[in-house]
Amino acid sequence: MHSVNRVPIIRLWDLLLVPVQGDIDDAQAEELVNDVLERVQRAGCDGLLIDLSGVWTLDSHLCSVMVRLSRSAALMGARTIVSGMRPEIAMTIQAMGISLGGIQTVATLEDALAAMGVRSGRDQQDVSDDEFVRKILEPS
Amino acid sequence: MLKTPTQQALLAYFERYISPINARAIVRSIFERAGANASNEQLYRQATASSAIYVKPEQRDELVNGLRELLLNGSAPRAEHPSSAVRLSEPNMAVSVAIRSEANLNEARLIARQMCRQAGLDGFSAQKFVTAVSELARNVAKYASPGRVSFVDDFAQRKLRVTVTDSGSGIANLDDVLVGKYRSKTGMGLGLIGTKKLVDEFDISTGPGGTTVVIAVRY
């Protein structure tokens, strides 16, 4: 039954992306920690991106699971960034006084990737397009 | 949903007795069970069956008479003394979830979310409510199982109220926990204080026979 509900762990170059969605029960959370740490070790990843944009509820337990995961990953040499926390979830954990134990958080997955040093190739394309256009328009 | 004249009439009828939210739920279930093309006769039977469980035995006749007039005789039942009308259910429709292990938490959260949707709570308010329920249910599962989470939509006061009871041995150092002096390694203290900050009303009583926490949020 749990294999159906398993949170996917997606390899992105030397990073692991974990899109957490819906309601995560404790068993799934435990499984996730084990799976991710195993993957970090096996694949020798540098970074762990946890995206929470699809999470319904973040309670103190899930927060502490994430803190535990990120600390363990740090011991294994992987840095964790959490992204996509919805405003109401952020406000709720703030109101409760829960801390994420120093995990770096950013607004979007793009920001997380940027913080890990991944840059969009499309930006570079845009830049070269701009240059191309400028060359055409520039009176030579 | 609930657009046809018959649906509207039934809705209006039930709303005289119970909250609009619960009325909508009952009417919806009547039409779901009877089918879209049901005759008034079938609707009447389904309506009687569906609503019977929400009424005290001595009130059943009155309700059934009204439904018969409405659906079979085609006349709206008399709106006699609407203020002192019989109240369906006791005092409001309640739902509860048994908490035996952490596997039951999802169900509790699901119902909490459903209550929010029905009460029109969303965003931050809904998130606070669902998280509070999650924290309290977790405390039960972790330290004092089995227990129960009961939800009541108190439409008179426009509040969602949740009562969480457990069969643990009570919280010995409750005062310390509530002022934040005590914090277990697993974060139990944080859960209770945190919950208190999320809700409009928070009441806790504890003893050797177990702990009861009542929370409420306004909507």
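As the structure is a prediction and not an experimental result, all values here were calculated from the model. Chain letters run A, B, ... following the sequence lines, proteins first and then strands; every chain starts at 1.
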Residue [X] excluded, over 12 heavy atoms near [atom1] under 6.0 Å:
X        : atom1 : answer
B:Arg218 : CZ    : no
B:Gln114 : CD    : yes
B:Glu201 : CD    : yes
A:Arg11  : CZ    : yes

Residue-level contacts of residues 76-94 of chain A with chain B, using a heavy-atom cutoff under 4.5 Å: A:Arg86, A:Glu88, A:Ile89, A:Met91, A:Thr92

Do [X] and [Y] make a side-chain contact, defined as non-hydrogen atoms from C-beta onward lying under 4.5 Å apart?
X        : Y        : result
A:Leu58  : B:Gln127 : no
B:Arg138 : A:Asp26  : yes
A:Trp56  : B:Asn106 : no

Quick one: OG on A:Ser60 to CD1 on B:Ile193, what's the gap to the nearest 0.5 Å? 11.0 Å

Gap separating the CD atom of B:Glu102 from the CD atom of A:Glu30, nearest 0.5 angstrom: 9.5 Å

Run A:His61 and B:Lys142 through side-chain contact (heavy atoms from CB on, under 4.5 Å) and show every step you take. CA-CA 11 Å; A:His61 179 260; B:Lys142 231 175 184 171; 3.9 Å; yes

Can you tell which of B:Thr131, B:Val133, B:Leu105, B:Thr195 makes a side chain to side chain contact (heavy atoms under 4.5 Å, CB included) with A:Asp59? B:Thr131

Can a donor-acceptor pair be found between the side chains of A:Thr57 and B:Arg113 at a distance below 3.5 Å? yes

